[in-house]
Each structure stands twice: as C-alpha cells, then as structure tokens.
Amino acid sequence: MKKLAVIGSSGGNLYRQGGDNPKVMLREIEIQAKSAGIELGYVQFIGTDGSMDNISMDAPATLYALVDGQVSDVEHGSLKEMNEAAKAYDERLAGLIRSGEIDGIVILSCDPKGVNNKALTAASEKKIPIAGTGGTSVANTQSMGCNVISASGTTGTTNRTRAVAFISAFSKEWKMKYSPVIGGSSSGQKQEGSVWKRINFRGIMMASMPGFIAMALSLALSKIPGLGSLEDVFNLLIGALPVILAAIAAKQVSGLDEVGIVAGIIAGTMSTDGGIIGGLVTGILAGVLAYYIITFCLGHKFPGTTANICAGGLSGLIAGAVGMYLIAPVALWIGDGIKSVIDMALAFNPILAGAVAGFAIWFAIIGGVYHAAILPIVLLEMEATGNSFLGAIDMCGLVLGCAGVLLANIVVPRNKGDVAASVPGLFINLFFGTFVEAAYPFMFSCKKVFASAILSATISGAFVGLLGVKCTAYVPTFIAPSMANEGKAFAMVICMLIAIGTSFVFTLLSNLSERKKQAKAA
C-alpha cells in the first residue's frame with residue numbers, strides 16, 4: 001500500500017477555505033486516500049487561530065501529527081515555538097522518505113525554505129510525487145526540483161475538491177483505481193453507488209421546508225395591521241423557492257458542498273418560471289453535471305481552482321439553460337395540473353375529499369410514502385397561496401391526532417410507563433408541530449387506538465373540507481390558525497379542536513376498555 005505524508009499549515013488564503021479546521025481538512029484527505037487504497041502515513045501540520053498573512057510569531061498555534069493512526073493536536077504554543085517543534089518532525093519525515101517508507105507528499109501552504117525544508121529536500125532527491133495547494137509554497141517547492149504532479153492555488157476550492165484533486169493525481173501517477181468519495185461527509189461516511197443514487201426527493205423536500213415556512217409566516221404577518229408591506233416579502237420568497245430547492249438538490253446530488261450550492265443557485269435562478277418542480281429537476285441536473293464536470297477536470301489535471309469554477313459555473317449554466325427552455329414549461333404544467341386536481345376534488349365534494357385525505361394520511365406516513373408523495377403536493381399548494389389543503393389535513397389529522405392519543409395516555413395510561421413516554425411527545429407535537437411518530441407505540445400495540453387515530457383524522461379531515469380550510473404543518477399548533485387562508489382562522493381552530501378532541505376521547509375509551517380487560521384477567 002502506498003503511503004502519503006501531509007505537511008503544511010493553515011496558511012493565508014487556505015485558512016479561509018477550510019484551513020481553519022485542520023482536523024476536518026486532513027480527515028477529508030484521508031477519506032479520499034483510503035478510497036484509492038492509499039494510506040495516510042505521516043502528518044506535520046501547523047494550525048493557527050487566524051490567517052497567516054502578516055501574522056505575528058507570538059500568535060497561538062497548534063502542531064498536528066499522526067498519533068496511533070489518528071490526526072491529533074500534539075503541541076500548543078506560539079507560532080514561533082510550533083515552528084521550532086515542527087523541525088524535529090520534518091527531520092523524521094526526511095528519514096522516512098529516504099528509507100522509502102513514504103511514497104508521496106501532499107503539501108498545504110507549506111514552508112519549503114523553513115520547517116519543511118529537510119523533508120522536501122529528501123523528496124527532491126528521491127523524486128517522489130508531490131501534490132499540493134498554496135501558490136507561493138508550491139512555486140518554491142517546484143524551484144527545489146521536486147516532482148510536483150499537481151499544483152493549484154487555493155481560491156475557490158473546498159476541503160473535498162482539493163482532496164479529490166490530490167488523490168486523483170496520485171492515483172493516476174501510480175496507475176491505481178480511484179473512485180472519489182463524494183456525497184458523504186468529512187466524518188468518513190461514504191455514500192455508495194453512482195451519483196444517480198444520491199437523488200433523494202424526500203431529503204431535498206425536507207431540507208427545503210424552512211423556506212416554505214418562512215414564506216407562510218411572512219404571509220400571516222402581512223395580515224396584521226401595520227405590517228401589510230410584508231406581503232412584498234411573501235411575493236419575493238415565492239420567487240426564491242425554486243432557487244432554494246435547486247441549491248439543496250445540487251448540493252446533495254453533487255456531494256460538492258459549496259460548489260454544488262453555487263451550481264444550484266445559478267440553475268434555479270435561471271428556471272424560476274418552472275416553480276418548485278422546475279427548481280427541483282433543474283437542481284438535480286446541475287448536481288449531476290457538477291459531479292461529472294469536476295471528475296473530468298481533475299482526471300485531466302486541471303488546477304483545483306479551475307475545476308471548481310468549471311463544476312460550479314458550467315454545470316449551473318447548462319442546467320439553467322435546459323431548465324429555462326425545456327423543463328420550466330413542462331414543470332409548470334405538471335404543477336398546475338396537480339393543484340387543479342385538488343381544486344376539482346374540493347369543488348366536487350369537499351367533505352368527501354377531506355375525509356378521504358384524513359383517512360389516508362396516517363397510512364401514507366406509516367407506509368413511508370408521505371415525504372415522497374404528500375409533502376411535495378403540500379409544498380406545491382403553498383407555493384401558490386402560502387397555505388395548503390393537505391397541510392391543514394396534516395396539522396389536524398396527524399399532529400393534533402397524535403396529540404390526542406398522547407394526552408389520553410397521560411390521563412388514563414394503559415400500562416406503566418405510558419405517561420413518561422407520552423409527555424415529551426405531546427410537548428413536541430403542540431409546540432413544534434412535528435414528531436407524530438410519538439403515537440406509534442400506542443397505535444401499534446392496540447388496534448382500538450390505531451382505529452381511534454384513523455377515525456379522528458377522517459372526521460377532522462371532513463371538517464377541513466366542509467369549512468374550506470387551508471393551512472400548513474411543521475409550525476407550533478398555536479400559530480397554525482394565523483397561517484390559515486383568508487378568513488378561516490376560526491374555522492381552523494374548530495378543525496384542530498375536533499381533531500384532538502375526537503382522538504383523545506376515542507383513545508381514552510379504548511384505554512378504559514383495555515384496563516377493564518386487564519383487571520378481569522388479573
């Protein structure tokens with residue numbers, strides 16, 4: 001197995017591009033190296049609390065080294081003291097290079113004329129390959145006659161793209177198979193499979209929820225006397241939603257962090273006419289293109305900065321152009337069609353539509369299709385008006401339905417420990433509008449409680465349809481009525497009280513029945 005040494009410092013510009021967190025930066029290099037079957041064999045790195053541009057030698061610094069296979073901070077002191085301490089590590093590394101125990105070096109804003117001189121002198125003698133970043137340090141390393149196979153500035157790069165560039169160069173030099181670890185995290189969790197397998201609609205939608213809630217809140221606040229100007233904020237956020245979705249989609253799919261975000265923002269901005277569906281599809285396309293473009297660039301020894309610019313800029317422009325001229329019209333048609341179907345169902349029989357939606361929503365979340373099927377429709381509705389019919393069903397049938405189940409198990413617990421299990425869930429339900437799964441243990445352990453939750457959701461859903469209420473979920477329950485559609489705040493309160501009341505009563509009766517059975521059995 002080939003062994004790499006990593007030497008350098010947090011640098012000047014590098015400090016602003018990931019060098020402020022040396023352990024994360026070094027860990028990313030280790031992750032990419034392992035993917036190619038390369039071992040991290042030596043570390044000599046000096047980190048400071050700020051950029052090293054015009055830094056004082058009295059500034060606090062830390063020396064990092066490899067201890068028992070882990071990157072650790074081994075010494076602390078002034079920068080002058082750490083430079084002196086690093087010289088011993090430099091001399092040790094020079095010996096390892098001359099004995100053939102180190103096969104390549106990654107340099108990160110290193111000091112070829114100072115603390116890294118002996119190691120790089122040995123590297124020059126042995127002609128081992130070197131890849132690195134930091135304009136001045138790389139230039140000085142090349143001037144020593146070292147075999148620099150990949151050189152790049154730091155501007156516009158990230159920990160991941162730099163690490164991928166380094167290991168791509170080494171794997172090509174040593175003719176080793178290398179598949180970049182993209183889509184995981186610096187914690188070392190590799191996400192297996194192709195870029196296409198990183199397309200996760202649920203993850204993208206859930207990550208985008210804060211944007212939709214911010215939009216809905218701005219609409220609700222704009223109805224307060226004196227805050228009417230916030231309606232302009234609401235209209236602005238509607239236009240921003242496709243950009244939010246595109247940025248998140250591109251980041252998740254590409255696995256390139258900031259580069260993916262930039263690609264998504266460019267693509268989403270160009271395809272806002274397609275609404276959230278257009279932003280979603282365009283963002284995914286931007287993420288896929290970013291991955292393949294940066295892989296191509298690094299595979300052909302483009303400098304890291306150039307590869308980043310190509311991946312973020314070109315993929316965003318290409319995906320944005322496709323989104324603007326091809327995807328947006330189709331996406332807008334699909335989105336309008338889905339909203340029209342909901343409006344038609346409500347116009348045909350609002351009570352039946354609400355009852356069916358309420359009945360089905362528990363099965364959707366239990367079956368794992370809620371986030372893939374229901375949530376996108378909720379967001380589509382919210383994009384148009386700031387609230388949603390299915391959002392009101394969610395708040396009443398799921399959130400308040402769950403709260404009723406938990407409240408009943410606090411008042412009349414069926415088993416020992418039910419109260420302790422119910423109180424935290426009830427608090428989260430009422431104050432955060434989420435964690436409906438808290439009702440699962442009670443629903444799955446008793447068919448009557450399960451039926452109670454379904455029946456409550458069906459009844460409250462029928463009232464949502466009857467009263468023409470639209471709202472949203474994922475907000476505190478006491479805020480929800482203010483986010484209902486025009487003139488329906490009181491109607492939303494009625495639907496919410498019906499939901500929690502019926503769920504509470506039905507579950508209470510179920511628990512009393514079960515306790516009687518337990519008493520007889522005893």
Side-chain angles (χ1 to χ4, degrees), residues 1-11 14-15 18-49 60-111 114-120 122-123 126 128-133 158-160 162-167 169-171 174 176 178-181 184-192:
M1 180 178 282
K2 299 288 187 180
K3 286 189 176 183
L4 279 183
V6 180
I7 62 175
S9 70
S10 53
L14 178 64
Y15 181 84
D20 58 333
N21 196 334
K23 286 186 178 180
V24 171
M25 181 169 64
L26 296 170
R27 176 62 177 153
E28 189 65 60
I29 295 172
E30 183 180 15
I31 291 168
Q32 301 300 333
K34 282 184 177 179
S35 182
I38 299 171
E39 182 182 345
L40 190 61
Y42 200 86
V43 171
Q44 175 202 336
F45 189 90
I46 297 174
T48 55
D49 294 337
T62 301
L63 178 62
Y64 295 86
L66 207 61
V67 179
D68 296 327
Q70 299 293 322
V71 175
S72 306
D73 45 334
V74 293
E75 292 191 45
H76 303 270
S78 68
L79 179 57
K80 182 179 180 180
E81 291 170 339
M82 292 305 97
N83 283 341
E84 286 300 316
K87 289 180 180 179
Y89 286 84
D90 181 50
E91 189 169 350
R92 193 176 306 135
L93 176 58
L96 292 173
I97 292 169
R98 289 191 173 97
S99 64
E101 295 178 62
I102 294 294
D103 304 290
I105 304 177
V106 172
I107 59 174
L108 300 165
S109 295
C110 70
D111 183 10
V115 297
N116 302 120
N117 180 261
K118 290 185 178 180
L120 292 177
K126 299 289 288 187
I128 65 172
I130 296 174
T133 185
T158 67
N159 288 337
R160 179 160 298 162
R162 282 193 303 273
V164 171
F166 299 152
I167 305 306
F170 285 117
S171 60
W174 292 325
M176 303 173 74
Y178 168 54
S179 176
V181 181
S185 69
S186 293
S187 65
Q189 184 64 38
K190 180 176 178 180
Q191 189 163 339
E192 301 291 346

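Remember, it's a predicted structure, so these values are computed and weren't measured experimentally. The figures that follow rest on heavy atoms only: side chains count, while hydrogens, waters and symmetry mates do not. Here, residue 1 is the first one in the sequence, and each next residue gets the next number.
Between Leu79 and Ala61, the closest heavy-atom pair is CA-CB, 3.7 Å. For the pair Tyr89 and Tyr42, the tightest heavy-atom approach, listed with the atom from each and the gap, is O-OH, 2.8 Å. Shortest non-hydrogen contact noted between Lys118 and Ala94 is O-CB, 3.6 Å. Listed here is the closest heavy atom pair of Asp103 and Trp174: O-CZ2, 3.2 Å. The two residues Ala5 and Ile102 have their closest heavy-atom pair at CB-CG2, 3.9 Å. Annotation for Thr62 and His76: closest pair OG1-ND1, 3.2 Å, computed over non-hydrogen atoms.
Lys2 is listed as a side-chain neighbour of Met176, based on a closest heavy-atom distance under 4.5 Å. Contact check for Lys3 versus Leu96: no side-chain heavy atoms found under the 4.5 Å cut-off. At least one side-chain heavy atom of Leu4 sits under 4.5 Å from a side-chain heavy atom of Ile167. Residues Leu108 and Phe45 meet the side-chain proximity criterion, which asks for heavy atoms closer than 4.5 Å. Side-chain atoms of Leu120 and Ile107, non-hydrogen and from C-beta on, do get closer than 4.5 Å to each other.
No donor-acceptor pair under 3.5 Å is formed between the side chain of Asp111 and the backbone N or O of Asn116. Ser171 contributes no side-chain N or O that, together with a main-chain N or O of Ala36, makes up a donor-acceptor pair within less than 3.5 Å. Between the side chain of Glu81 and the backbone N or O of Ser78, at least one donor-acceptor pair lies under 3.5 Å.
Rounding to the nearest 0.5 Å gives a distance of 13.0 Å between CZ of Phe166 and CD1 of Ile105. The CD1 atom of Ile46 lies 11.0 Å from the SG atom of Cys110; values are rounded to the nearest 0.5 Å. Atom-to-atom distance recorded for Asp90:CG and Asn83:CG is 11.0 Å, nearest 0.5 angstrom. A distance of 10.5 Å separates CZ of Arg98 from CD1 of Ile128, quoted to the nearest 0.5 Å. Atoms CD1 and CG, from Ile31 and Asn159 in turn, are 10.0 Å apart once rounded to the nearest 0.5 Å. Rounding to the nearest 0.5 Å gives a distance of 7.0 Å between CD of Glu30 and CG of Leu66.
No donor-acceptor contact under 3.5 angstrom links the side chains of Ser179 and Ser35, judged on distance only. For the 3.5 Å distance criterion, the side chains of Gln70 and Ser72 fail to qualify, holding no donor opposite an acceptor. Using a 3.5 Å distance cut-off with no hydrogens or angles, the side chains of Tyr64 and Glu75 do not pair a donor with an acceptor.
Evaluated for a side chain to side chain contact (heavy atoms under 4.5 Å, CB included) with Arg162, the options Met25, Glu28, Gln32 yield exactly one hit, Met25. In summary, of the residues considered (Pro22, Ser9, Ser10, Ser109), a side chain to side chain contact (heavy atoms under 4.5 Å, CB included) with Tyr15 occurs for Ser10 alone.
The neighbour count for Glu101 CD, taken as heavy atoms of other residues, nucleotides or ligands under 6.0 Å away, is above 12.
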inquiry  = For Leu26 and Val6: C-alpha separation, side-chain torsions, deciding distance, then whether side-chain contact (heavy atoms from CB on, under 4.5 Å) applies.
reply    = CA-CA 8 Å; Leu26 296 170; Val6 180; 3.5 Å; yes

